[in-house]
Amino acid sequence: MESDMLLAVAETRPEPKEDGPEARGAVLVGYGAVEELTRFAATPGWTVHVPGHPVEVRRAILGALHNGGQAYIHVSGESNAEPRVVKGGFEVVREGLGGVVLAVGATLDPILRATAGLDLAVLYAATVRPFDEIGLRTAVLAADHADVILVEPGLPGTSAREAAGTLVHVPHRLLALGGAEALDEGNVGRAVRAFLR
């Protein structure tokens, strides 16, 4: 799937605008650059997309060009089997009461396999900035345990500050997984099981 993700970037061309001024802003695309992902996620004013499928890559690029502003799009060498249609915020992929997993980008498929049989809610994010505070808080408050597991293709803890800030008034536990570890189903499964109560 690695070539499919890169091909999606290369094939995505914006439609020329025939009327009105050109959108102002910047759209940057990074391939597998976890340090860049972490840097842009920490920089105020940037929208940060982490699509998990070639179709999502195309949508993110065209949407960012249309919206203007400053957007960073992180493209991974991995891909989920199917694209998701996320209409802003985090998407609930699986319901559960034992805790909440937030899978970012291409980490979704390994997370679903690694947590199969566990009573965990799984959220999917293709955009991490702005951070969907309402989506995460709602899922955590609906669970029996406020155990939150962040799984991101960036460095571990890239979104930990945002998650902790979102849940500042909710006693919770947080496990942050990232990088290559986040795409390894076996490692994720062991870490999640060790973390759960």
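Quick note: numbers below take in every heavy atom, side chains included, and nothing from hydrogens, waters or symmetry partners.
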Q: Go through the structure and list residues passing salt bridge (charged side-chain N to carboxylate O under 4.0 Å, His left out) with D147, not counting sequence neighbours.
A: R173, R197
Q: Determine whether the side chains of T127 and H49 contain a donor N or O and an acceptor N or O closer than 3.5 Å.
A: yes
Q. How about R193 and T115: does a side-chain donor come under 3.5 Å of a side-chain acceptor?
A. no
Q. Is it true that a side-chain atom of N80 and a backbone atom of D109 form a donor plus acceptor pair closer than 3.5 Å?
A. yes
Q) Are side-chain heavy atoms of V192 and L120 found at a separation under 4.5 Å? A) yes
Q: Check the hydrophobic clustering (I, L, V, M, F, W, Y; side-chain heavy atoms under 4.5 Å; chains of links allowed) and say if L62 and V86 are grouped together.
A: no
(Q) Less than 4.5 Å apart, side chain to side chain, heavy atoms only: is that true for L102 and F131? (A) yes
Q: Taking all non-hydrogen atoms of both residues into account, name the closest pair between P153 and V104 and its distance.
A: CD-O, 3.5 Å
**Q.** Flag side-chain contact, heavy atom, 4.5 Å: H74 against P51
**A.** no
**Q.** ring pair (Phe, Tyr, Trp, His ring centres under 6.0 Å) partners for Y124, two or more places apart
**A.** none
Q: Could you pull out all residues at least two apart from R84 that satisfy salt bridge (charged side-chain N to carboxylate O under 4.0 Å, His left out)?
A: E91
**Q.** Evaluation steps, side chain to side chain donor-acceptor pair (under 3.5 Å), between T107 and E152
**A.** CA-CA 7 Å; T107 68; E152 305 177 88; over 6 Å; no
**Q.** F40: partners by ring pair (Phe, Tyr, Trp, His ring centres under 6.0 Å), with sequence neighbours left out
**A.** W46, Y72
Run the side-chain donor-acceptor check on residues 174-184: report pairs under 3.5 Å with partners two or more places apart or on a different chain.
unit_1, atom_1, unit_2, atom_2, d
D184, OD1, G186, N, 3.0
D184, OD1, N187, N, 2.9

Q) Do S159 and L150 touch side chain to side chain, with heavy atoms closer than 4.5 Å? A) yes
Q) Shortest non-hydrogen contact from P44 to A42? A) CD-O, 3.4 Å
Q.
Heavy-atom count check: over 12 atoms from other residues, nucleotides or ligands less than 6.0 Å from R113 CZ?
A. yes
Q: Applying side-chain contact (heavy atoms from CB on, under 4.5 Å), run through V100 and L136 and close with a yes or a no.
A: CA-CA 8 Å; V100 177; L136 180 61; 4.2 Å; yes
Q: Just do the side-chain contact (heavy atoms from CB on, under 4.5 Å) check on I73 and L28 with the steps written out, would you?
A: CA-CA 6 Å; I73 301 167; L28 301 176; over 6 Å; no
Q. According to a 4.5 Å side-chain heavy-atom criterion applied to Ile, Leu, Val, Met, Phe, Trp and Tyr, with indirect links allowed, do V55 and I61 form part of one hydrophobic cluster?
A. no
Q: Go through L112 and R94 one step at a time and tell me if the side-chain contact (heavy atoms from CB on, under 4.5 Å) criterion holds.
A: CA-CA 9 Å; L112 291 173; R94 186 173 70 205; 4.0 Å; yes
Q. If you measure from CG on D132 to CG on L123, what distance do you get to the nearest 0.5 Å?
A. 8.5 Å
(Q) Quick check for you: to the nearest 0.5 Å, what is the distance between I111 atom CD1 and I149 atom CD1? (A) 7.5 Å
Q) Where is the tightest heavy-atom contact between Y31 and G77, given as atom of each residue plus distance? A) OH-CA, 3.5 Å
Q) Which atom names give the shortest non-hydrogen contact between L196 and G98, and what distance separates them? A) CD2-O, 4.3 Å
Q. Counting only N and O atoms by type, is there a donor-acceptor contact under 3.5 Å from the side chain of T38 to the main-chain atoms of V34?
A. yes
(Q) Hydrophobic clustering (ILVMFWY, side-chain heavy atoms < 4.5 Å, transitive) - are F195 and V101 grouped together? (A) yes
(Q) Same cluster or not: V48 versus L155, using hydrophobic residues (I, L, V, M, F, W, Y) connected whenever any side-chain heavy atoms lie under 4.5 Å apart? (A) no
(Q) Could you go through T158 and V128, starting from their C-alpha distance and side-chain angles, then the distance that decides it, and tell me whether this counts as side-chain contact (heavy atoms from CB on, under 4.5 Å)? (A) CA-CA 10 Å; T158 297; V128 293; 6.0 Å; no
**Q.** Interatomic spacing from OG in S79 to CD in E56 - rounded to 0.5 Å
**A.** 8.0 Å
Q.
For a quick test of reading the model, state the closest non-hydrogen atom pair linking V170 to A146 and the distance between them.
A. CG1-CB, 4.2 Å
Q. Excluding sequence neighbours, so at least two apart, what forms salt bridge (charged side-chain N to carboxylate O under 4.0 Å, His left out) with R129?
A. E162
Q. Roughly how far, to the nearest 0.5 Å, is the CD atom of E133 from the CZ atom of F90?
A. 9.0 Å
Q: Indicate if V151 and V50 have the same hydrophobic cluster label, given that clusters are the connected sets of ILVMFWY residues with side-chain heavy-atom separations under 4.5 angstrom.
A: no
Q | Gap separating the CG atom of D4 from the CD atom of E78, nearest 0.5 angstrom | A | 11.5 Å
Q) How far does OG1 of T43 sit from CD of E36, to the nearest 0.5 angstrom? A) 11.0 Å
Q. So, for P83 and R59, which heavy atoms are closest and what is the spacing to 0.1 Å?
A. CB-NH2, 4.2 Å
Q: Decide if atom CG of L141 counts as having more than 12 heavy atoms of other residues, nucleotides or ligands within a radius under 6.0 Å.
A: yes
